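Computed from a predicted structure; not experimentally measured.
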Amino acid sequence: MDTTVIKTGTEGNAWGGDSQPLKVSYGKMMMWFFILSDALTFSGFLAAYGFSRFKFINSWPIADEVFNHFPFLHGVDAPMYYVALMTFILIFSSVTMVLAVDAGHQMKKNKVAIYMFLTIIGGIIFVGSQAWEWKNFIKGEYGAIETKGGQILQFVDKDGHRVKLADFVTAAPAERVQHQRKNGLWYEGEKELPTYTVQDVIAGFKKRSDLLIRTQILTEEGEKTVLSRAASMDKLTNSAVGVVEGANLIKNEYGSTLFANFFFFITGFHGFHVFSGIVLNIIIFFNVLLGTYEKRKSYEMVEKVGLYWHFVDLVWVFVFTFFYLV
C-alpha cells in the first residue's frame with residue numbers, strides 16, 4: 001500500500017510557516033533569547049555585588065591596591081594597568097569578530113578565517129590573563145593579620161606604603177602541628193599552615209619602630225585608617241587571632257571576604273563564558289576552513305557566534321566597571 005505524502009511548502013523552514021518574526025532566522029532568534037536570559041543572570045550577580053558593597057562601603061577593599069601587578073614587573077606598583085590591557089584585548093577581539101561577520105556577508109572565505117583566528121587568539125590571551133590575575137590574588141603579596149571580629153589589619157611604614165610580613169617577620173624555630181581532622185574536631189582542618197604565627201608578627205613589629213597598622217575601615221577621603229604606634233601595638237597584641245596570606249573563599253588579606261567571594265564567582269562565571277566562546281569560535285573556524293559555509297552560501301553561523309562573543313565582551317565592560325573602577 002503506497003503512502004501519499006502531502007507537501008505544504010514549508011519544508012526546511014524551522015518556524016513551520018512562511019512568516020519570520022522580526023525578519024530573522026530561527027537560530028538567530030534563539031541566540032537572542034539565550035543572550036537575554038544570560039544578561040538577566042549577570043544582572044542579578046552584579047546587583048548582589050552592588051548591594052553587598054554598599055552595605056560594607058566603609059570597609060571594602062580598594063581596587064587600585066588589590067590589582068596592581070603587571071607581568072615581568074615584580075614589585076612595580078602598576079594599579080589597573082594589566083586589567084586595562086586585558087580589557088583592550090577583549091574589546092579588540094570584538095572588532096575582529098565584526099570584521100569576520102562582514103567578510104562572511106561578502107562571501108570572502110579567507111578573510112573570515114583570518115579574522116576568526118585573530119578573535120580566538122584574543123580570547124585565549126584574555127582567559128590566560130584572567131588566570132594570571134587569579135593566581136596573584138590567591139597567592140597575595142603582603143600578608144595581613146585577622147582580628148577577633150574578622151577585621152583585617154595591614155602593615156604600613158610612616159609614609160603609608162604597604163610593608164610585607166616577610167620584610168620584618170622571622171619565623172620562630174618552634175614547630176607548630178597542622179590541625180587536621182584526625183587530631184582535632186572531625187569537621188575542621190587546615191589546608192595549609194601560614195608562614196608565620198601571630199607571635200612571630202608581634203615580635204617583628206616591636207623591633208620595627210617605623211611600622212604602623214592600617215585597618216580596613218575607610219576615612220571620609222576614601223583612604224584606609226592608619227593607627228598611631230601605640231594604638232597599633234594595642235590592636236595587634238589584644239585583637240590578633242591569625243595570619244592571613246593571600247585570598248580565598250574564607251580569608252582575604254585585602255579586606256572583606258565578600259569581595260573575594262564575588263570576585264571568584266563573577267569573574268570565574270564570565271571567564272567560563274569566554275572559554276565557551278573560544279571553543280565555539282574554534283569549531284566555526286574549522287568549518288570555515290573546510291568550506292562548510294561556502295557550500296551553504298551563507299555565513300550565518302559566524303554571525304550567530306559573533307552575537308554571543310559581543311555579549312561576552314559587553315558583560316566584561318560591566319564587570320570591569322563594578323570591580324575595578326567604581
_More than 12 heavy atoms of other groups within 6.0 Å of Tyr81 OH_ =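 No, the 6.0 Å shell around OH holds no more than 12 heavy atoms from other groups.
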
*Report, as yes or no, whether the 6.0 Å neighbourhood of atom NZ on Lys109 holds more than 12 heavy atoms from other residues, nucleotides or ligands.*
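Counting other residues, nucleotides and ligands, NZ of Lys109 exceeds 12 neighbours.
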
Smallest separation among heavy atoms of [X] and [Y], with atom names:
X: Phe262; Y: Ser52; value: CE1-OG, 3.3 Å
X: Met31; Y: Leu307; value: CG-CB, 4.1 Å
X: Ile145; Y: Ala240; value: CG2-CB, 3.4 Å
X: Ser59; Y: Ile217; value: CB-CD1, 4.1 Å
X: Pro61; Y: Asn252; value: CG-ND2, 4.4 Å
X: Thr147; Y: Val241; value: O-CG2, 3.5 Å

So, [X] side chain and [Y] main chain: donor-acceptor pair closer than 3.5 Å or not?
X: Asp159; Y: His161; value: no
X: Glu253; Y: Tyr142; value: yes
X: Gln216; Y: Gln154; value: no
X: Arg229; Y: Leu211; value: yes
X: Ser232; Y: Leu212; value: no
X: Asp200; Y: Thr197; value: yes

Is any side-chain heavy atom of [X] less than 4.5 Å from a side-chain heavy atom of [Y]?
X: Lys304; Y: Ile284; result: no
X: Glu300; Y: Tyr293; result: no
X: Phe45; Y: Thr41; result: yes

Mind listing the side-chain donor-acceptor pairs of residues 90-98 below 3.5 Å, one per line with the distance, residues two or more places apart or on another chain?
residue: Ser93; atom: OG; partner: Leu90; partner atom: O; Å: 2.5
residue: Ser93; atom: OG; partner: Trp309; partner atom: NE1; Å: 3.0
residue: Ser94; atom: OG; partner: His310; partner atom: ND1; Å: 2.7
residue: Ser94; atom: OG; partner: Asp313; partner atom: OD2; Å: 3.2
residue: Thr96; atom: OG1; partner: Ser93; partner atom: O; Å: 2.7
residue: Thr96; atom: OG1; partner: Thr119; partner atom: OG1; Å: 2.7

Going only through I, L, V, M, F, W and Y residues with side-chain contacts under 4.5 Å, is there a path from [X] to [Y]?
X: Leu280; Y: Phe126; result: yes
X: Met301; Y: Leu118; result: no
X: Ile120; Y: Ile283; result: no
X: Val244; Y: Val66; result: no
X: Val163; Y: Ile62; result: no

_Testing the 3.5 Å rule here: is there a donor-acceptor pair between the side chains of Tyr299 and Glu294?_
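There is such a pair between these side chains.
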
*List for me each residue that meets salt bridge (Lys or Arg N to Asp or Glu O under 4.0 Å) alongside Lys111, sequence neighbours excluded, and say none if there are none.*
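Expected list: none.
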
*If you round to the nearest 0.5 Å, how far is CG of Leu258 from CZ of Arg53?*
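That separation rounds to 13.0 Å.
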
Side-chain donor-acceptor pairs of residues 319-326 under 3.5 Å, sequence neighbours excluded:
residue: Thr321; atom: OG1; partner: Val317; partner atom: O; Å: 2.7

_If the test is ring-ring contact (aromatic ring centres under 6.0 Å, His included), which one of Phe265, Phe318, Trp316, Phe269 qualifies with Phe42?_
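That would be Phe269; it is the only one of Phe265, Phe318, Trp316, Phe269 passing the ring-ring contact (aromatic ring centres under 6.0 Å, His included) with Phe42.
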
_Parallel, tilted or perpendicular, as decided by the 30° and 60° cut-offs, for the rings of Phe67 and Phe259_ =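 Phe259 vs Phe67 ring planes: tilted.
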
*Which word best sums up how the rings of Trp60 and Phe56 line up, parallel for under 30°, tilted for 30 to 60°, or perpendicular for over 60°?*
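Judged by the thresholds at 30° and 60°, the geometry between Trp60 and Phe56 is parallel.
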
*Arg162 and Glu141 ion-paired at < 4.0 Å*: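 Not counted as a salt bridge, because no side-chain N and carboxylate O are separated by less than 4.0 Å.
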
*Check the pair Met233, Phe205 against side chain to side chain contact (heavy atoms under 4.5 Å, CB included), reporting the backbone distance first and the verdict last.*
CA-CA 8 Å; Met233 182 63 73; Phe205 185 80; 3.7 Å; yes

